[in-house]
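Structure first, commentary second.
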Amino acid sequence: MGQMKIGLILGFLGFLFLDGLLLCTAYNVHHYSFILKDTNFTRLCTTKSMFTANGQWPGPTIHVRKGDRAFVNVHNDGDYGVTIHWHGVKQPRNPWSDGPENITQCPIPAGKNFTYEVIFSTEEGTLWWHAHSDWSRATIHGAIVVLPPIGSSYPFSKPYAEHVIVLSEWYNGDVKQIIDYAMATGGDPNISDAYAINGQPGYPNNCSTGTSYRLSVQSGKTYLLRLVSAVMNEEMFFGIAKHNITVVAQDGAYIKPITTSYIMITPGQTMDILLTANQAPSYYYMTATPYFDNSAPFDSTNTSAIIQYTGSYTPPASPPYPSLPNVTDKDAADNFTTRIRSLASAAYPVNVPKKIDTRIIIAVSVNQILCPNSSCSTPTGNRLAASLNNVSFVTPKIDILQAYYRNLGKVFDRDFPNKPPYAFNYTGDVGNNTVYPSQGTKVRVINYGAAVEIVFQGTNVGNAENHPMHLHGFSFYLVGTGYGNYNATTSPKTYNLIDPREVNTIGVPRKGWATIRFIADNPGVWFMHCHLERHASWGMAAAIIVKNGPTKETSIRPPPANLPTCS
């Protein structure tokens, strides 16, 4: 009898153990291998060697389900160090695999490898990954498809098929040499020579019409297009001739469906778009054109692909081309972006913090740094720079995360200002005292669990323009935007706290402001920067440190054993 009781107890304990093991491994684990290497490509009648992942441009697509985990072994067969960032993946408690160079890790040296553990949590929809070293993300990037968990479905009718669409930029020159030269001389980097859809510039670019990306569709069927903007320095309008499209998600979160003839998407953003093939069987151009509200140099070309209906018909000699807004059409951009709202349903609730613990106001500016004897290659003779709260970010030699975790001194300062150092008419006439920023590696430390509000205030310092601001480690709510100077009394009255979009990258309007809110429940070091690469290179960045919570489960995980070392 005693033996039977012991056996029953052991069996019950074994069941609990197995049940717990099943619960602990409820997610699926995926393994990928990226080999970063130089590969020859020919575009615009020009052949060059490009730094790529697995010889592809765009790179491989990662497929997971909500809550899964991916291990990506990155082999660096290039000539210089590089890191990979998983854009929009929150990486709970795991900043070690977030990827920005010398922020959360030192680069993977040439000839070495590092395995990233990519932890998915609440994200669902389309995200993307890209290199986060110098300008290598121009050629090293790809999509991440996060499907609903098994047993769940989309909050819209299941599409007939799904396709990834990546917008990017082609440079005839070597992108690393372009940014290295610009940083050495202090001037504006060369603009790209073309945009591309899935790696092809398409019509009307030189030597490109015959190689356009083509998407085959069947009449009456609905397709889910997973759109990624890997463009380096410009916002883009996007549309399909004679077809309306319906946007159903942005940045890995569902939104109330928006039916439109065009969208505006900033560098770093993703959108999930439904296309119904409801026109006469033929060819139709799918096109992206720049939206640029600034006087700086920019790539003014267009890129296109072809939507090609299946069936028997005579292809048109000249397919219809969509009518997209003008390159400077601010109203068209606003008319689209202001329509975006979270789904805010019972299945996809919105949890906007109402009572704020930490409020930060950040002035976003393009600046100058004095060069000796006005020796830099700009009209003023000064170096081009950029700043947040008049601090131009300096990337340290040792990554901030390691310095924070190991209590290493003299790597960063904890005094990033929580408001501009002095108030001025941010969007009006600005004086010389706003032109020249200080330089430093500054972070803002935030308590675990704090409800945070950040107001990004665009300025008229230098060349005012729309700034796509991205925060690593979080999805946040965009609760308000407006033009002119933010007013602490009147501006919050315009906030949307009911169904604001939950995103990871937002556009700060030219000469305007944008407010985000989130709960600081992800301990670690997290980079915050403009996703226009030239601005990030000039110092439009800072880091946020979220302190550990009270338990092991609310604290940073230990570092991996094979973390790249700093040289």
Side-chain angles (χ1 to χ4, degrees), residues 36 38-39 41 43-44 46 48-53 57-59 76 78-85 87 99-103 106-110 130-141 167-196 229-235 266-268 290 292 294 296-299 366-369 371 375-379 382-387 392-397 437 439 441 462-463 465 467-468 470 527 529-541:
L36 309 184
D38 290 327
T39 308
F41 283 82
R43 302 288 188 273
L44 309 184
T46 298
K48 71 167 189 174
S49 181
M50 288 182 0
F51 201 17
T52 64
W57 182 60
N76 183 8
D79 297 326
Y80 53 88
V82 70
T83 63
I84 302 293
H85 169 54
H87 188 115
E101 182 175 340
N102 286 18
I103 308 300
C106 289
I108 305 168
H130 60 82
H132 214 300
S133 306
D134 300 311
W135 277 25
S136 49
R137 84 163 177 88
T139 56
I140 299 178
H141 57 251
L167 307 180
S168 59
E169 283 178 274
W170 166 269
Y171 292 79
N172 284 336
D174 181 278
V175 289
K176 188 172 189 308
Q177 292 178 6
I178 288 172
I179 187 56
D180 285 351
Y181 179 79
M183 296 303 290
T185 61
D188 232 332
N190 288 347
I191 63 172
S192 56
D193 294 283
Y195 301 105
S229 179
V231 172
M232 298 286 280
N233 286 306
E234 292 89 4
E235 286 86 19
T266 73
F292 201 78
N294 180 272
F298 73 99
D299 183 347
V366 174
N367 307 91
Q368 300 175 34
I369 293 175
C371 293
S375 57
C376 286
S377 299
T378 63
N382 296 329
R383 175 180 300 280
L384 291 172
S387 68
S392 187
F393 186 79
V394 176
T395 303
K397 300 297 183 185
Q439 293 179 276
T441 306
N463 265 327
E465 66 179 286
H467 296 286
H470 171 52
F527 203 32
H529 62 95
C530 181
H531 227 277
L532 300 180
E533 285 304 301
R534 69 186 192 282
H535 290 175
S537 299
W538 294 340
M540 193 176 283

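Numbers here are sequence positions counted from 1.
Ion pairing of Arg534 with Glu169 is absent here, as no side-chain N (NZ or NE/NH1/NH2) approaches a carboxylate O to less than 4.0 Å.
Other residues, nucleotides and ligands place more than 12 heavy atoms under 6.0 Å from the CZ atom of Phe41.
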Under the ring-ring contact (aromatic ring centres under 6.0 Å, His included) criterion, do His87 and His470 qualify, and how do the steps go? CA-CA 9 Å; His87 188 115; His470 171 52; 3.7 Å; yes
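Looking only at distances, no side-chain donor or acceptor of Lys48 sits under 3.5 Å from a matching main-chain atom of Asp174. With hydrogens and angles ignored, the 3.5 Å screen pairs no side-chain donor or acceptor of Trp538 with any backbone N or O of Arg383. Checking side-chain atoms of Asn76 against main-chain N and O of Ile108 turns up a donor-acceptor pair under 3.5 Å. At least one donor-acceptor pair under 3.5 Å links the side chain of Tyr195 to the backbone N or O of Asp299. Distance alone, capped at 3.5 Å, is enough to place a donor-acceptor pair between the Ser392 side chain and the Ala386 backbone. Between the Ser133 side chain and the Thr83 main chain, a donor and an acceptor come within less than 3.5 Å of each other. Without hydrogens or angle criteria, Ser168 side chain to Ala230 main chain gives no donor-acceptor distance under 3.5 Å. In this structure, Gln439 contributes its side chain and Val394 its backbone to no donor-acceptor pair below 3.5 Å.
Looking at Phe51 and Lys176, their side chains never come closer than 4.5 Å, going by heavy atoms from C-beta outward. At least one side-chain heavy atom of Leu532 sits under 4.5 Å from a side-chain heavy atom of Pro267. Residues Met232 and Tyr171 meet the side-chain proximity criterion, which asks for heavy atoms closer than 4.5 Å.
In this structure, a donor-acceptor pair under 3.5 Å is absent between the side chains of Asn102 and Thr395.
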